[in-house]
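Down below is the structure, laid out as structure tokens.
All heavy atoms count here, side chains included; hydrogens, waters and symmetry mates do not. Each chain gets a letter, A, B and so on, in the order its sequence line appears, and its residues count up from 1.
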Amino acid sequence: KAGVTQTPRYLIKTRGQQVTLSCSPISGHRSVSWYQQTPGQGLQFLFEYFSETQRNKGNFPGRFSGRQFSNSRSEMNVSTLELGDSALYLCASSLVGTGYGNTEAFFGQGTRLTVV
Amino acid sequence: GENVEQHPSTLSVQEGDSAVIKCTYSDSASNYFPWYKQELGKRPQLIIDIRSNVGEKKDQRIAVTLNKTAKHFSLHITETQPEDSAVYFCAASMNSNYQLIWGAGTKLIIKP
């Protein structure tokens, strides 16, 4: 079966701009989580969507937002970009949620965002 | 808030030797503990997981042990090989919202 697909793979944006990233989960998966990964900072949880509702949210400013569509595809938006937003953004899909036992999280390849 | 501490941040071992990575969690209600491996330039992938009703789980050269009393769990890799070089992340489920809390990662270097 097809894996998790993230588009685009690379983005270069200017400070102050906004950006939208897309994540298509594995067919049948209803949970999509988003993470920010920077060197030495591990995986920082942004938010999780389940059945079109934001179920959990990490400690990121309101400039980071997301949504999920009825087909479980999810988008993440960052407004008013800052240099510190440069990172690899990963999404992960799972059947019902990453923290549920025996519910593996499958990651996409990520979108590498560079803010200049 | 809840957190997971992971040590060491970098681990260098000789090929063929064993490697051990340790994680400590704070939520006593956590009941699911996965380990993910991220090779350079690739996505994280699940390599092994354990639930709280089990003390140890093995899969070929890798094993995970869980000590619920001490609230820590460890990843053991035996007979390390060059392809084991990667960053390893541990995680623990939060019982309140079933989110995973992630460790900061361990960069494992296998020396030839």
Side-chain angles (χ1 to χ4, degrees), chain A residues 2-7 9-10 21 23-26 29-51 53-60 87-112, chain B residues 1-10 21 23 25-27 29-54 57 59 64 66 68 73 86-108:
Chain A
V4 180
T5 303
Q6 289 188 247
T7 57
R9 290 291 309 280
Y10 302 93
L21 313 181
C23 173
S24 293
I26 291 172
H29 285 194
R30 296 164 63 190
S31 168
V32 175
S33 295
W34 288 89
Y35 296 89
Q36 182 193 66
Q37 187 174 37
T38 53
Q41 292 298 313
L43 294 163
Q44 302 297 315
F45 172 69
L46 282 154
F47 29 65
E48 183 217 5
Y49 285 86
F50 179 78
S51 293
T53 301
Q54 186 181 87
R55 186 161 65 174
N56 290 293
K57 190 176 189 304
N59 296 321
F60 276 80
L88 179 68
Y89 290 88
L90 292 162
C91 75
S93 81
S94 63
L95 280 170
V96 293
T98 55
Y100 289 85
N102 290 335
T103 304
E104 180 178 351
F106 293 85
F107 283 84
Q109 288 276 36
T111 294
R112 185 163 297 282
Chain B
E2 306 297 350
N3 72 312
V4 172
E5 293 186 1
Q6 183 172 348
H7 298 282
S9 56
T10 304
I21 303 170
C23 289
Y25 60 98
S26 59
D27 182 2
S30 292
N31 58 11
Y32 177 59
F33 309 91
W35 286 89
Y36 282 75
K37 174 184 180 183
Q38 186 176 28
E39 296 178 46
L40 188 62
K42 297 190 175 181
R43 69 191 81 190
Q45 290 188 298
L46 179 71
I47 55 171
I48 195 167
D49 57 12
I50 191 169
R51 286 196 287 177
S52 58
N53 58 348
V54 176
K57 185 177 178 181
D59 183 3
V64 57
L66 172 65
K68 286 204 69 180
F73 56 112
V87 177
Y88 292 80
F89 293 98
C90 66
S93 64
M94 269 180 57
N95 199 50
S96 57
N97 61 11
Y98 296 98
Q99 272 305 301
L100 288 178
I101 304 299
W102 296 82
T106 296
K107 183 176 183 179
L108 177 61

Does the structure place the NZ or CZ of B/Arg51 under 6.0 Å from the centre of the six-membered ring of B/Tyr32, at an angle of no more than 45° from the ring's axis?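 Verdict for B/Tyr32: no cation-pi partner in B/Arg51.
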
Portion of [X] that has a non-hydrogen atom of chain A nearer than 4.5 angstrom:
{"X": "B/Phe33", "result": "neither"}
{"X": "B/Gln45", "result": "neither"}
{"X": "B/Pro44", "result": "both"}

Side chain / backbone / both / neither for [X] at chain B, heavy atoms under 4.5 Å:
{"X": "A/Gln44", "value": "neither"}
{"X": "A/Leu90", "value": "side chain"}
{"X": "A/Ala105", "value": "both"}

If the plane angle is over 60° it's perpendicular, under 30° parallel, otherwise tilted; pick one for A/Phe107 and A/Tyr35.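 Ring orientation of A/Phe107 relative to A/Tyr35: tilted.
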
Among B/Tyr88, B/Trp102, B/Phe89, B/Phe73, which residue meets the ring pair (Phe, Tyr, Trp, His ring centres under 6.0 Å) test with B/Trp35?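 The residue from B/Tyr88, B/Trp102, B/Phe89, B/Phe73 that satisfies ring pair (Phe, Tyr, Trp, His ring centres under 6.0 Å) with B/Trp35 turns out to be B/Phe73.
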
Less than 6.0 angstrom separating the ring centers of A/Phe47 and A/Phe45, yes or no?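 They do not qualify: ring centres at least 6.0 Å apart.
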
Side-chain donor/acceptor of B/Thr10 to backbone N/O of B/Lys107, under 3.5 Å: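 Judged by distance alone, no pair lies under 3.5 Å.
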
